[in-house]
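Convention: sequence-line order gives letters A, B, ...; per-chain numbering from 1. Every value quoted in this text rests on a predicted model; they were computed, and no experiment measured them.
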Amino acid sequence: MAGQPRLFDLPDAPEPWELAAEADLLTAEIVLPLPTPTTFHYLVPDALRDLIRPGQRVKVPFGRGDQLKVGFVVAVGSPPPAARRLKSIDALIDREPLIAGDMLELTKWISERYLGSWGQVLDSVIPAGVKKQAGTREIRCFQLAEGALEKAASLKLPARQRAVLEVLQEADGPVPVDQLEAAAQCGTSPIHALRDKKLIVPVRQRRSTMTEEYTPAARTADLILNPDQQTALDAILEPLQAPRHETILLHGVTGSGKTEIYIRAIREVVSYGRQAIVLVPEISLTPQTIRRFGSRFSSLAVLHSHLSDAERHWHWQRIASGEVEVVIGARSAVFAPTPHLGIIVLDEEHETTFKQNATPRYHAREVARERARRAGVPLVLGSATPTLESFDRAQRGLDRLIEMPNRVEQRPLPPVVIVDTRNDALVPRGHSIGRALKHSIERSINEGGQVILFLNLRGYSPVLWCLKCNEGVKCPDCDISLTWHRDRGKLLCHSCDFEMPPPERCPSCGQPGQKYLGAGTQKLEQEVRSKFPDARIVRMDSDAMRKPGSHDEALERFRKGEIDILLGTQMIAKGLDFPNVTLVGVIDADSMLHQPDLRAAERTFQLIAQVAGRTGRGEKAGRVIVQTMSPDDAVIQLAAEHDYLGFAKRELAQRREHHAPPATNLARVIVRGPREDLVRAEIRKIVETLKETAKGRGDDLRILGPAPAPILRLKKLFRYHCQLSAPTIEQILEWWRAAEARFSLPDEVELTIDVDPLDLR
DNA sequence: AGCACGCCGACT
DNA sequence: GTCGGCGTGCTC
């Protein structure tokens with residue numbers, strides 16, 4: 001039996017008596033961080049019987065060598081029917097589960113929906129600080145032993161020992177040693193004496209070392225809602241009160257007062273003792289936004305990427321304890337461990353940062369939808385320019401659509417003037433700012449208004465052109481032109497961290513005579529400074545805003561009116577709400593329009609609409625100037641007319657025609673490696689296998705490629721890709737799973753699959 | 001993901 | 001005859 005030495009390896013199938021012996025044994029189902037969908041069963045040793053719960057991590061022996069691996073417990077129960085010889089759990093890592101049961105199930109859903117392994121999804125969903133219990137320490141504490149007070153009453157005790165007992169009696173729980181000494185005004189000896197008399201017992205407790213306390217902002221009163229806002233709020237309250245799940249797409253133009261509606265809906269949720277999660281793009285997570293929510297709720301947790309491990313863990317614990325009413329955060333806050341979720345709000349629904357760019361490549365909007373569905377609570381999506389995916393769902397009646405076509409206080413949307421820069425006197429001679437824009441800037445500043453100039457290109461010049469090669473100087477590791485950053489005196493690659501001083505001769509042909517072409521924000525800044533020498537100007541892009549806090553500081557100065565012209569990249573296009581901005585200039589609306597991307601038109605429309613939304617938000621009227629070389633382009637014209645519905649209708653028709661989303665669903669397979677021949681060979685094999693697997697699965701399954709990725713080489717790796725499409729996502733997932741089992745890759749080649757890809761770079 | 005097993009070619 | 005290539009399959 002168990003004590004008997006075994007001379008031979010055990011067979012896989014256990015003997016009948018072994019089954020009987022295992023019948024009342026407790027087993028745990030464990031997920032390991034392996035790229036396999038399999039879960040593994042282990043015996044729970046008696047010592048862990050009462051401690052083990054789903055959501056905790058354990059160490060288990062794995063493989064022939066019984067190497068210890070860390071896995072998550074996902075279920076505890078009796079042995080699985082397909083009995084085999086089970087190994088035992090080696091150790092329990094966490095006292096408490098790191099993740100609740102419903103969230104565990106949600107991570108499983110993510111692993112299926114985005115084709116990653118459950119173990120890897122789990123690993124990435126729990127913040128490192130939570131796993132490490134960052135910011136906490138084990139502290140020696142003492143508490144009263146059972147019946148200690150009764151026993152003490154019949155004992156003659158010295159005064160100091162009595163004092164210790166009194167402190168513990170009042171504390172009603174474990175007290176750290178140092179606090180106990182201070183409160184009872186004694187040293188260690190009375191405490192140890194009591195311990196030896198078994199009147200008090202030592203316990204170890206995890207205590208936070210965080211000293212930070214949450215200070216609620218000054219409370220402000222509710223605003224009065226206009227009829228449009230009230231209608232929208234009522235539409236959210238209805239499923240909220242039912243309660244049932246519903247997704248509500250709030251399509252409200254910029255400045256229509258969406259945030260106030262979120263706040264009022266969340267007030268309702270909080271009044272039920274439930275919590276709300278508000279997801280916003282990382283760059284919208286400004287002090288202004290946080291203050292806006294902080295001033296309306298008594299407890300708020302903020303989750304963003306700049307938190308330290310300790311801070312994140314601290315917020316996580318506060319959220320899990322239920323003391324937090326509202327969680328506001330970027331993408332990953334969709335996993336906030338709220339015990340009684342009441343609503344999820346996802347603002348700026350169209351923002352691409354909601355899609356994670358690393359495995360697991362989930363979209364927070366879809367995860368939020370699934371989480372809300374499982375919790376039976378509403379999901380509110382807000383945007384002035386919804387994605388066609390969301391708009392299409394709403395139009396088909398799958399989600400509820402609420403339109404808010406007007407700005408608050410009947411403020412008009414700003415007029416958008418399209419300027420054809422082909423006929424400009426200045427632009428063909430290398431200027432970024434054409435005559436019309438220049439005059440408008442002058443006028444705005446003279447009238448005491450502020451100006452925002454948008455250019456989606458950082459650096460000074462995006463290309464260093466060799467006149468001999470007729471080519472730009474490229475990064476040695478990537479297939480990308482180097483950008484000249486004049487302030488740092490270096491050429492930089494925007495895809496990797498390569499940098500070099502500007503070469504005197506072309507690195508490829510050795511000839512002198514190179515030219516800097518094109519303009520980025522640095523060059524624009526120089527031009528603006530020379531054209532408006534008296535204006536106070538600030539450039540905002542990721543180069544200028546590298547110091548932590550500089551972003552918020554610049555915005556604060558702009559708000560106070562200490563800056564006349566704010567120029568920058570994407571960073572200034574979104575969400576800013578400054579009433580004195582009377583002019584917005586888009587330097588080059590074409591940069592996005594002509595990209596080989598199925599969403600190029602959508603991005604251009606969104607960009608113009610969002611940028612236009614930055615002006616005309618106060619008493620003063622605002623206007624927008626859009627410089628373009630394609631003034632007749634339908635997308636640019638629709639954007640200038642603020643005609644989202646017209647744009648959506650037109651674009652949806654085109655997407656259908658091209659079998660593009662949302663008419664179909666996509667997945668993109670990327671293969672990369674240091675050797676181009678191997679990468680190309682692998683992608684061919686994969687496409688062959690996929691084509692074979694597609695047979696008999698209906699003729700709706702399409703495959704595009706293989707082809708070199710638009711940026712063939714990135715960070716020294718060659719990249720090839722192909723694209724799968726099918727009418728439903730389930731068809732794609734099923735197709736891939738059937739094919740996946742049939743290929744294996746050489747060591748040097750890596751494969752990624754991106755379900756619902758947002759870009760095809 | 002590791003790691004062993006297994007079935008083919010070039011060497012002592 | 002054996003050493004070692006890396007395709008295949010399993011890990012509770």
Please give, in whole Å, the distance from [N] [atom2] to [X] [atom1]?
X	N	atom1	atom2	value
Leu26(A)	dC12(C)	CG	P	19 Å
Glu748(A)	dG5(C)	CD	P	15 Å
Leu86(A)	dT11(C)	CG	C1'	13 Å
Leu678(A)	dC6(C)	CG	P	11 Å
Leu32(A)	dC12(C)	CG	P	9 Å

Give a yes or no on whether a salt bridge exists between [X] and [Y], defined as a side-chain N under 4.0 angstrom from a carboxylate O.
X	Y	value
Arg369(A)	Asp399(A)	yes
Arg680(A)	Asp677(A)	no
Asp756(A)	Arg113(A)	yes
Asp123(A)	Lys131(A)	yes

Practice problem: Go along nucleotides 1-6 of chain B 5' to 3' and tag each nucleotide: B for a protein heavy atom under 4.0 Å from its base, S when only backbone or sugar atoms are that close, - otherwise. | Solution: B-SS--

Exercise. For the residue pair Leu381(A) and Arg365(A), establish whether any side-chain heavy-atom pair is separated by less than 4.5 Å.
Key: yes

Exercise. Indicate yes or no: at least one non-hydrogen side-chain atom of Thr247(A) is less than 4.5 angstrom from one of His245(A).
Key: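 Thr247(A) reaches His245(A) side chain to side chain.
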
